[in-house]
Amino acid sequence: AVFPVTSLLNHSCVPNTSIRFRSDVITMVAARDIASDEEITHCYGPDTSLMDRERRQLLLKSQYFFNCSCTACVNSAEQEIQQSVSKAFACPSCSARLPALISEKRLMSCLKCQQNVDTLQLREDAERGCALFAKAVELERQGLLSEATQRATKCLELRQRILFRHNIALGATHDFTARLLAMQGKFLEAVVHCRQSVASVAAVFGEDSLQFAQELVKLAQLLFNSRDAQTLSTVERAVHLLQVHVGANHDDIKELLEMKACLEKYQS
């Protein structure tokens with residue numbers, strides 16, 4: 001289908017709208033509060049949560065033949081910091097954030113504690129963490145949940161030592177560990193790891209993002225099964241964000257509303 005009005009909207013790498021398609025109908029909703037004199041924008045594909053400025057500019061130039069001058073591209077410092085946080089290592093001594101791209105030098109100094117950091121050792125540990133995670137995934141696919149959890153735990157211990165707390169790989173390890181524990185009925189333990197994953201996603205993608213909403217859905221499911229007092233507020237927050245990004249008819253929203261009805265019935 002052709003949408004002549006929507007096609008007039010300019011691109012932004014940090015759009016203030018979210019677009020949904022259902023058959024030949026397009027719906028646009030505000031992704032955040034929009035000022036009366038603010039331009040309404042949407043994203044053509046490349047956005048700050050997925051790509052750094054250089055990659056965004058390259059794709060937009062090659063596909064749409066323009067140089068992006070949105071606020072994220074013009075004032076990119078904050079966004080670039082966000083990207084570096086998602087890939088950053090941590091100082092083994094004080095856990096402070098180290099640059100995402102470690103220097104080629106064998107030793108680098110932590111800016112916070114001034115301790116020398118062995119970058120070669122960090123690279124080797126990072127590779128070992130990837131191998132542990134891959135093995136855990138393989139064991140999970142084979143149905144060996146206990147063994148998979150043991151490998152995931154070892155991976156988590158290693159990554160917690162070498163990766164910054166909001167590194168996306170560390171968040172993914174918490175997310176996977178939570179899933180393994182939930183599959184074994186260990187919901188209280190799973191909640192702890194899921195909260196860590198939610199915090200990482202919030203730091204990297206923002207608390208108004210679809211990615212954050214998707215993590216809240218997982219957390220709400222775990223809280224519901226562990227009968228946590230924060231279940232209802234988490235459900236309501238997830239529903240609100242999902243309605244903005246994917247519409248009221250999404251399967252996750254239906255499941256969340258069923259949880260909410262059950263909780264309200266129980267509370268009454």
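In terms of hydrophobic clustering, with Ile, Leu, Val, Met, Phe, Trp and Tyr side chains grouped at heavy-atom distances under 4.5 Å, Leu263 and Leu242 are assigned to a common cluster. Hydrophobic clustering (ILVMFWY, side-chain heavy atoms < 4.5 Å, transitive): Leu257 and Leu232 are in one cluster. No continuous path of hydrophobic side-chain contacts links Leu145 to Val191 [ILVMFWY only; heavy atoms under 4.5 Å]. By the criterion of side-chain heavy atoms lying less than 4.5 angstrom apart, applied directly or through intervening Ile, Leu, Val, Met, Phe, Trp or Tyr residues, Ile253 is grouped together with Leu210 in one hydrophobic cluster. Under the 4.5 Å side-chain contact rule for hydrophobic residues, Leu181 and Leu139 do not share a cluster.
Side-chain atoms of Leu216 and Leu241, non-hydrogen and from C-beta on, do get closer than 4.5 Å to each other. Residues Val235 and Val217 fail the side-chain proximity criterion, which asks for heavy atoms closer than 4.5 Å. Residues Thr177 and Cys155 fail the side-chain proximity criterion, which asks for heavy atoms closer than 4.5 Å. Proximity of Glu140 to Arg179: side-chain heavy atoms (C-beta onward) are separated by under 4.5 Å at one or more points. With contacts defined as side-chain heavy-atom distances shorter than 4.5 Å, the pair Asp118/Leu122 does not qualify.
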| task | Determine, stepwise, if the pair Glu54 / Leu58 fulfils side chain to side chain contact (heavy atoms under 4.5 Å, CB included). | result | CA-CA 6 Å; Glu54 182 179 359; Leu58 180 63; 5.8 Å; no
| said: Run the side chain to side chain contact (heavy atoms under 4.5 Å, CB included) test on Cys73 and Arg56 for me, step by step, so that the C-alpha distance in whole Å, both residues' side-chain angles and the decisive distance to 0.1 Å come before the verdict. | reply: CA-CA 9 Å; Cys73 289; Arg56 297 194 311 269; 3.5 Å; yes
| request: List the steps and the verdict of side chain to side chain contact (heavy atoms under 4.5 Å, CB included) for Thr119 and Arg123. | output: CA-CA 6 Å; Thr119 62; Arg123 291 193 195 95; 3.8 Å; yes
| side chain to side chain contact (heavy atoms under 4.5 Å, CB included) between Glu255 and Gln221, worked out | CA-CA 9 Å; Glu255 180 183 351; Gln221 292 167 336; 3.1 Å; yes
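The closest donor-acceptor contact from the side chain of Asn167 to the backbone of Ala88 lies under 3.5 Å. Counting only distance, with no hydrogens or angles, the side chain of Asn16 and the backbone of Thr41 share a donor-acceptor pair below 3.5 Å. Proximity of a side-chain donor or acceptor of Glu38 to a complementary backbone N or O of Ala35 within less than 3.5 Å is detected. Between the side chain of Ser200 and the backbone N or O of Gln196 there is at least one donor-acceptor pair closer than 3.5 Å. Thr231 contributes a side-chain N or O that, together with a main-chain N or O of Leu223, makes up a donor-acceptor pair within less than 3.5 Å. Side chain of His245 to backbone of Asp208: a donor-acceptor contact under 3.5 angstrom is found. The backbone N or O of Lys186 lies less than 3.5 Å from no partner atom in the side chain of Asn225, so there is not a single donor-acceptor pair. Gln211 contributes no side-chain N or O that, together with a main-chain N or O of Val201, makes up a donor-acceptor pair within less than 3.5 Å.
Distance check: Leu219 CG to Arg195 CZ gives 5.5 Å after rounding to the nearest 0.5 Å. Atoms CG and CG, from Leu107 and Leu120 in turn, are 10.0 Å apart once rounded to the nearest 0.5 Å. Rounded to the nearest 0.5 Å, atoms CG (Leu163) and CZ (Arg97) are 13.5 Å apart. Note that the OG atom of Ser197 and the CD atom of Gln214 stand 11.0 Å from one another [nearest 0.5 Å]. Interatomic distance, Leu156 CG to Thr173 OG1, rounded to the nearest 0.5 Å: 6.0 Å. Taking CG of Leu60 as the start and CG of Asn67 as the end, the distance is 9.0 Å to the nearest 0.5 Å.
Considering all non-hydrogen atoms of both residues, Ala178 and Leu222 come closest at CB-CD1, 4.4 Å. Of all non-hydrogen atoms in Cys13 and Cys68, the two that sit nearest each other are SG-SG, 3.9 Å. A pairwise comparison of heavy atoms in Ala136 and Ala152 identifies CB-N, 3.8 Å as the closest pair. Of all the heavy atoms in Ser226 and Leu188, the pair that sits closest is CB-CD2, 3.6 Å. Nearest heavy-atom pair across Ser12 and Cys70 is OG-CB, 3.8 Å. Listed here is the closest heavy atom pair of Val204 and His166: CG2-O, 3.5 Å.
No more than 12 heavy atoms of other residues, nucleotides or ligands sit less than 6.0 Å from atom CG of Leu111.
Note on residues 147-167: pairs passing salt bridge (Lys or Arg N to Asp or Glu O under 4.0 Å), not counting sequence neighbours, are Asp125-Arg161. Within the structure, side chain to side chain donor-acceptor pair (under 3.5 Å) contacts touching residues 235-244 (residues at least two apart or in different chains) are Glu207-Arg237. Residue pairs satisfying the ring pair (Phe, Tyr, Trp, His ring centres under 6.0 Å) criterion with at least one member in residues 172-192, sequence neighbours excluded, are listed as follows: Phe133-Phe176, His174-His193.
With hydrogens and angles left out, the side-chain atoms of Gln115 and Ser109 include no donor and acceptor closer than 3.5 Å. Under the 3.5 Å distance criterion, with hydrogens and angles disregarded, no donor-acceptor pair is assigned to the side chains of Glu189 and Gln184.
Between Phe66 and Tyr64, the angle of the ring planes lies from 30° to 60°, which puts this pair in the tilted group. Between His11 and Tyr44, the two ring planes are tilted [angle within 30° to 60°].
Partner of Leu256 under the side chain to side chain contact (heavy atoms under 4.5 Å, CB included) criterion, chosen from Lys260, Glu258, Met259: Met259. Of the residues listed (Ser95, Ser93, Pro92), the one engaging Cys113 in a side chain to side chain contact (heavy atoms under 4.5 Å, CB included) is Ser93, and it is the only one.
Comment: Lys218 engages Glu215 in a salt bridge, judged by a side-chain N to carboxylate O separation of less than 4.0 angstrom.
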